[in-house]
**Q** 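Mind having a look at this structure? Questions to follow.
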Amino acid sequence: MSKSAPVLTAPQFALTAASVFAAVLPHLARMPKMFALVILALLAWRIVQRLRGGAKIPALIKLPLVVLIPVLVIANYGNVFGREPGTALACAMLALKLVETETRRDARAAIAFASFVLMSALLFNSALVFTLMLCAALSLLLATLYELEPRPAATAALVWKKHVLDGLRTGAFALLAAVPLCLCVFVFLPRLGSPLWGAPTDDKTSRSGLGDEMDPTSLQELLIDDSAAFRVSFDGPVPERAQRYWRGPVLTRFDGKVWTRSRFLADARRGDAVESIGDVVDYEITLEPSDRRWLLALDVPLAAPENAVRGADMTLVSDKPVDQLLRYRARSTLRYRLDAQLGARERERNLTLPPGFDPRARALASQWRRDLGDDEAIARAPLELFQKDFFYTLAPPDLGRDSVDDFLFETRRGFCQHFASAYTFLMRASGIPARVVTGYQGGYFNTFGNYLVVRQSDAHAWAEIWLNGRGWVRVDPTGAVSPQRVQLGAQAAAGASAQWYHSDWLVGLRNQFDLVNRGWNSLVVQFNELRQQSLLTPFGIAKAEYYDLIGVLIGTSTILLALYSWWVLRRPREAGDALDAAYMRLCRKLARSGAARAAHEGPRTYARRVGAIADSPVPVQQLLEHYVSLRYAHALAPSAAVREFVTAVRALRLPRSFAKVNVLGQAATR
Amino acid sequence: MLAAAERRLPALTRLKQPETLPIRLHRHRIYVLPTRFGLMFSAVLLVMLMGALNYNNNPALLLTCLLGAACYQSVFQAFRCINGVQLASLQGEPCHAGEPLYVNVTFHADGRPRRSLRMRVADHETVFDIAGGDGRVRTSVPAPQRGWRRLGRIRLYSEYPFGLFQVWSWLNPEFAALVYPRLEIAAPPLPHADDAAAEVATKRSGDEFGMLRDYHPSDPRRSIAWKASARHDTLLVKEFEQRRGQDVALEWAATTGLVYEARISRLAAWIGAAEAAQLRYVLRLPDETVGPGLGPDHRHACMRALALLPGAAA
């Protein structure tokens with residue numbers, strides 16, 4: 001092995017290292033920081049070591065590393081199976097492979113492994129831009145394979161930059177040329193109805209999205225995250241922005257700092273929970289994967305979509321975590337009466353406050369109860385308070401132990417969750433059942449695509465209070481402080497505290513561009529077994545089975561490969577003019593009949609030899625002689641004569657094997 | 001039938017029949033198989049495919065398909081790399097038995113440059129490119145015996161562009177190089193060398209060349225008439241006037257007592273010595289007499305006569 005394994009040259013190693021790095025890079029952001037650092041350190045160490053002309057890494061160093069990596073993975077993730085730990089392990093092993101890469105064989109194995117690692121990055125993020133970037137990274141991998149091909153010693157010393165560029169060009173060309181075949185396979189390769197092996201669902205999630213608890217900072221990161229949360233297309237007119245409250249988890253338990261959900265109760269009642277007294281809206285939601293179980297719906301949903309249930313608090317909960325793009329239809333009413341009657345236990349639950357917290361807020365609430373008495377007046381009181389000297393900001397000061405007191409009487413700055421939390425607290429303290437609802441508010445309507453995109457930054461929290469005779473009523477205390485929050489969105493409401501990259505025109509541009517993402521989602525990401533089965537409907541096959549698909553796949557790819565082959569095998573144009581072309585044609589005809597012209601034979605000698613064959617058809621010899629006179633007797637053959645010659649050659653029919661005898665004769669003399 | 005098969009698919013019969021130059025590679029004689037790395041890579045692609053399908057992840061599947069298709073279509077690029085390549089000429093360098101025979105091979109291809117072509121002749125592998133129409137390769141084969149040395153089959157192959165597929169073709173050109181006899185090491189001095197050398201010493205100063213002639217690759221560099229060549233398009237060589245005086249006779253009969261091959265080696269060494277001393281010599285073999293003469297052409301004629309004496313390689 002060592003004999004046929006020359007050590008990699010510097011450019012070869014550099015490209016291999018670049019490929020490995022490109023494969024690992026998309027994973028790093030997702031990994032625990034310590035683990036990512038270990039991988040980066042491994043790569044950097046090896047590259048520096050190699051740059052300094054370092055020798056092979058001895059097994060004494062490699063072996064402990066091989067043991068250490070799985071241990072690190074287990075320490076970080078708990079096991080080595082599943083998507084997250086599996087890819088982390090693969091990344092680390094790839095980095096290790098680079099450490100031991102010395103020969104061409106190693107480098108090739110590293111590239112093959114790198115393409116696997118690159119692919120696995122898409123299991124976590126399927127955005128269009130991300131996919132395109134990874135596809136572009138493939139050309140780097142191919143360029144590395146190109147670089148690994150042996151080169152003549154004379155040119156090896158030439159500028160390697162040019163060769164690397166050549167490789168990148170060849171790789172990019174290969175990818176472009178592969179597009180038709182790739183699409184054909186992608187469309188027709190039968191999808192699996194159910195996975196071959198279980199995809200573990202207990203992965204620690206790293207996706208951003210609404211959590212099932214709310215502390216004073218939990219929404220903060222979300223509000224500056226511009227990725228899409230879901231997209232909606234409405235059957236009818238789009239509701240006003242101020243009406244677009246997307247209901248998410250409802251939080252009823254408060255421990256002084258954190259709002260959490262109480263135990264989930266399915267909505268067991270029959271239809272009497274919600275009484276619709278206004279417009280009913282039908283719409284379809286495409287929810288981005290969140291790894292959580294709730295589904296968003298316009299406040300309030302009238303029924304649960306498929307594979308989901310509606311809770312007593314009107315939250316929609318899916319049967320399993322949403323780990324893929326999910327599309328569902330829903331129907332909501334914008335004006336409603338919810339829970340006209342409130343059970344004693346339910347009432348109790350929505351009045352409970354942690355003892356020993358926030359005395360000043362309690363005092364304020366009981367003062368309101370004494371002074372105002374009326375529930376509705378009490379419900380308005382905090383809003384008036386908020387309007388006076390509270391500020392909306394995305395960067396509020398920290399709060400202490402008595403977070404509600406601190407917010408109400410000290411800092412007076414915050415965003416939706418502070419207001420919702422304080423409002424709910426005050427309501428409960430004054431004896432009105434109240435709860436916090438989290439979800440999204442607003443969304444951008446894309447007029448080109450005629451759909452609404454709701455981003456993570458549209459996350460919102462508001463309050464619901466129960467009033468006798470009216471049921472649960474939505475109160476958005478944030479709107480009292482900053483009406484723009486409801487009218488324009490969180491970024492606009494934050495005003496000066498917004499970053500430059502949230503400037504209006506950029507946000508507008510991004511919202512327009514979201515159309516492309518939506519197209520990508522519906523065309524590619526959501527292309528599943530069901531849609532594949534309906535592919536062949538125009539051709540009369542209502543439901544394409546896997547064997548139909550495989551048949552079509554084989555058929556279309558054969559046609560494509562035939563096209564590729566034709567492109568490669570097509571003959572270059574015959575050299576020379578029409579006269580020579582006709583002569584070559586005559587020679588080919590004769591060759592088929594067994595009297596091939598030898599490479600050294602001129603037309604004259606050839607004519608003589610063909611003429612000598614016993615039963616040679618006369619026109620053959622004449623034609624050959626005619627060619628000689630046309631070619632050599634004139635400076636330029638008269639075109640009429642040439643055309644005549646061409647037709648004569650075309651018309652010539654030769655018996656299949658008139659020259660057989662001659663061939664045998666030749667063989668004998670040889 | 002075999003003849004028909006060979007005409008149709010020349011590489012299938014591995015070309016027992018030598019062909020005349022130029023030999024052009026075309027689709028009937030180019031073969032393709034995946035390399036070991038190609039097989040390994042397709043296994044990795046299969047794993048990627050299963051992963052993407054299992055997680056029902058279309059972007060991952062798209063990436064896998066793209067990479068797979070790019071790898072697969074590289075077979076066409078590989079084929080294009082070798083298709084249309086012509087073996088234009090072969091040229092053996094002068095060589096004595098026992099030394100490696102160097103052969104300069106010229107390939108020719110129109111149009112696009114061809115990269116990373118590899119040629120294997122008798123376990124000797126050379127990598128070369130064809131850029132700007134021509135590609136020249138110098139390869140060597142062992143030449144243990146005097147006489148005609150055939151080059152044998154040439155395997156021209158390439159794993160361009162990504163090393164996933166190997167395209168190859170066999171070439172069996174009608175070519176043989178003449179291998180001169182082995183030179184005797186530490187041969188005795190030329191017969192009558194003393195008289196002749198003395199004579200030359202006086203004659204040397206009066207050397208005057210009589211004429212110029214075209215350069216042959218075998219001419220020694222020192223005989224090139226540089227000034228005269230500069231005035232013409234071609235290289236010219238000074239042809240010296242034949243000197244008078246006694247010729248050195250290299251007699252077959254003078255080597256009696258030695259083994260057959262050793263006699264040939266002795267004569268060959270003497271030819272070299274006579275050339276080095278710039279002495280006219282005549283070679284007398286049992287069946288023929290070469291010369292008298294001096295210079296590369298004469299040397300070649302003598303060496304050739306020696307090389308082809310009975311017992312030479314066919």
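Numbered from 1 within each chain, the chains take letters A, B, ... in sequence-line order. All values below were derived from every heavy atom in this structure, side-chain atoms included, with hydrogens, water molecules and symmetry-related copies excluded.
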**Q** Checking heavy atoms, do the side chain of B:Y160, its backbone, both or neither come under 4.5 Å from chain A?
**A**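 Looking at B:Y160, backbone and side chain both touch chain A.
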**Q** Side chain, backbone, both or neither: which part of A:A121 has a non-hydrogen atom closer than 4.5 Å to chain B?
**A**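 Contact with chain B: none, neither part.
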**Q** Which one, B:N56, B:V75, B:T64, leads in non-hydrogen pairs under 4.5 Å with chain A?
**A**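 Between B:N56, B:V75, B:T64, the count favours B:N56.
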**Q** Any side-chain heavy atom of A:R151 within less than 4.5 Å of one from B:F128?
**A**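 Sidechains of B:F128 and A:R151: no contact.
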**Q** Determine, step by step, whether B:L66 and A:F186 satisfy the side-chain contact (heavy atoms from CB on, under 4.5 Å) criterion, reporting the C-alpha distance in whole Å, the side-chain angles of both residues, the deciding distance to 0.1 Å, and the verdict.
**A** CA-CA 9 Å; B:L66 189 66; A:F186 175 75; over 6 Å; no
**Q** Take atom CZ of B:F175 as the centre, draw a 6.0 Å sphere, and report whether it contains more than 12 heavy atoms from other residues, nucleotides or ligands.
**A**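 Correct, the count exceeds 12.
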**Q** Would you check if B:P161 and A:E149 make a side-chain contact, meaning some heavy-atom pair closer than 4.5 Å?
**A**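 Side chain of B:P161 against side chain of A:E149, heavy atoms only: no contact under 4.5 Å found.
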**Q** Can you tell me how far apart OH (B:Y55) and OG (A:S126) are? Round to the nearest 0.5 Å.
**A**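 B:Y55 OH to A:S126 OG: 13.5 Å, rounded to 0.5 Å.
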**Q** Please evaluate residues A:C182 and B:L62 with respect to the criterion side-chain contact (heavy atoms from CB on, under 4.5 Å), reporting the C-alpha separation (whole Å), side-chain torsions for both, the decisive distance (0.1 Å), and the verdict.
**A** CA-CA 7 Å; A:C182 157; B:L62 198 66; 4.3 Å; yes
**Q** Around atom CZ of B:R36, are there more than 12 heavy atoms of other residues, nucleotides or ligands at under 6.0 Å?
**A**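 No.
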**Q** Can you classify the ring geometry of B:F76 versus A:Y564 as parallel (below 30°), tilted (30 to 60°) or perpendicular (above 60°)?
**A**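 Rings of B:F76 and A:Y564: parallel, under 30°.
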**Q** Using non-hydrogen atoms and a 4.5 Å limit, figure out which bit of A:L138 sits close to chain B: side chain, backbone, both or neither.
**A**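 For A:L138, the side chain is the part near chain B, not the backbone.
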**Q** A:L183, A:V185, A:V524: which one forms the most heavy-atom pairs within less than 4.5 Å of chain B?
**A**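 So the answer, after comparing A:L183, A:V185, A:V524, is A:V524.
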**Q** Minimum heavy-atom separation for B:A60 to A:M119, with atom names?
**A**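 Scanning both residues, the minimum pair turns out to be CB-SD, 3.7 Å.
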**Q** Taking distance alone, no hydrogens or angles, what donor-acceptor pairs closer than 3.5 Å link side-chain atoms of residues 167-176 of chain A to residues at least two apart or in another chain?
**A**
{"from": "A:R169", "atom 1": "NH1", "to": "A:D166", "atom 2": "OD1", "distance (Å)": "3.1"}
{"from": "A:T170", "atom 1": "OG1", "to": "A:D166", "atom 2": "O", "distance (Å)": "2.7"}

**Q** Please state whether the side chain, the backbone, both or neither of B:L49 comes within less than 4.5 Å of a heavy atom of chain A.
**A**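 The side chain, not the backbone.
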**Q** So which part of B:M48 gets closer than 4.5 Å to some heavy atom of chain A, the side chain, the backbone, both or neither?
**A**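 Both backbone and side chain.
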**Q** In Å and rounded to the nearest 0.5 Å, what is the CZ to CE distance from A:R105 to B:M40?
**A**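 Answer for the CZ-CE pair, A:R105 versus B:M40, is 8.0 Å.
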**Q** Could A:R108 and B:E159 be called an ion pair, given the rule that one side-chain N must be under 4.0 Å from one carboxylate O?
**A**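 Salt bridge between A:R108 and B:E159, a charged N being under 4.0 Å from a carboxylate O: yes.
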**Q** Tell me, yes or no, whether the heavy-atom count around B:E125 atom CD, taken from other residues, nucleotides or ligands under 6.0 Å, exceeds 12.
**A**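 Enclosed.
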**Q** Side chain from CB out, backbone as N, CA, C, O: work out which of these in B:S116 comes under 4.5 Å of a heavy atom of chain A, or both, or neither.
**A**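 Both parts, heavy atoms under 4.5 Å.
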**Q** Does any backbone or side-chain atom of A:P190 lie under 4.5 Å from a heavy atom of chain B? Answer side chain, backbone, both or neither.
**A**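 Just its backbone gets close to chain B.
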**Q** Check each atom of B:F37 against the heavy atoms of chain A and say whether the ones under 4.5 Å are side chain, backbone, both or neither.
**A**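 For B:F37, the contact with chain A is made by the side chain alone.
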**Q** Please report the C-alpha distance between B:Q73 and A:L181 in whole Å, then the side-chain angles of each, then the deciding distance to 0.1 Å, and finally whether the side-chain contact (heavy atoms from CB on, under 4.5 Å) criterion is met.
**A** CA-CA 9 Å; B:Q73 70 82 44; A:L181 190 61; 5.5 Å; no
**Q** Do you know the tightest heavy-atom contact between B:L61 and A:L189?
**A**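 Of all heavy-atom pairs spanning B:L61 and A:L189, the closest is CD1-CD2, 4.2 Å.
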**Q** Shorter than 4.5 Å, heavy atoms on both sides: which option in A:T131, A:L325, A:L192 has the most such pairs with chain B?
**A**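 Sorted descending by pairs with chain B, the first entry is A:L192.
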**Q** In terms of heavy-atom proximity below 4.5 Å to chain A, should B:N57 be classed as side chain, backbone, both, or neither?
**A**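 Contact with chain A: side chain only.
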**Q** Which atoms form the tightest heavy-atom contact between B:R115 and A:Y146, and what is the distance?
**A**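 Minimum heavy-atom separation between B:R115 and A:Y146: CD-OH, 3.7 Å.
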**Q** Any idea which of A:V179, A:L128, A:V525, A:L142 has the most non-hydrogen atom pairs under 4.5 angstrom with chain B?
**A**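 Between A:V179, A:L128, A:V525, A:L142, the count favours A:L142.
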**Q** Applying salt bridge (charged side-chain N to carboxylate O under 4.0 Å, His left out), can you list everything that pairs with A:E529, at least two apart in sequence or on another chain?
**A**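 Result, salt bridge (charged side-chain N to carboxylate O under 4.0 Å, His left out) vs A:E529: none returned.
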**Q** Looking at A:A127, A:A598, A:S115, A:A177, which makes the most heavy-atom pairs under 4.5 Å with chain B?
**A**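 Top option by heavy-atom pairs under 4.5 Å: A:S115.
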**Q** For the residue pair B:A70 and A:A178, what are the closest heavy atoms and their distance?
**A**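 Closest approach of B:A70 to A:A178: N-CB, 3.2 Å.
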**Q** Which region of A:S565, side chain (C-beta onward) or backbone (N, CA, C, O), has a non-hydrogen atom less than 4.5 Å from a non-hydrogen atom of chain B, or is it both or neither?
**A**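 Both backbone and side chain.
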**Q** Check whether A:L561 gets within reach of chain B through its side chain, its backbone, both or neither, counting any heavy atom under 4.5 Å.
**A**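 Both backbone and side chain of A:L561 come within 4.5 Å of chain B.
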**Q** How far apart are the closest heavy atoms of B:L53 and A:R191, and which atoms are they?
**A**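 Nearest pair, atom of B:L53 first, then A:R191: CD2-CD, 3.9 Å.
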**Q** For B:V44 and A:F116, work out which heavy atoms get closest and say how close.
**A**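 Looks like CG1-CB, 4.4 Å.
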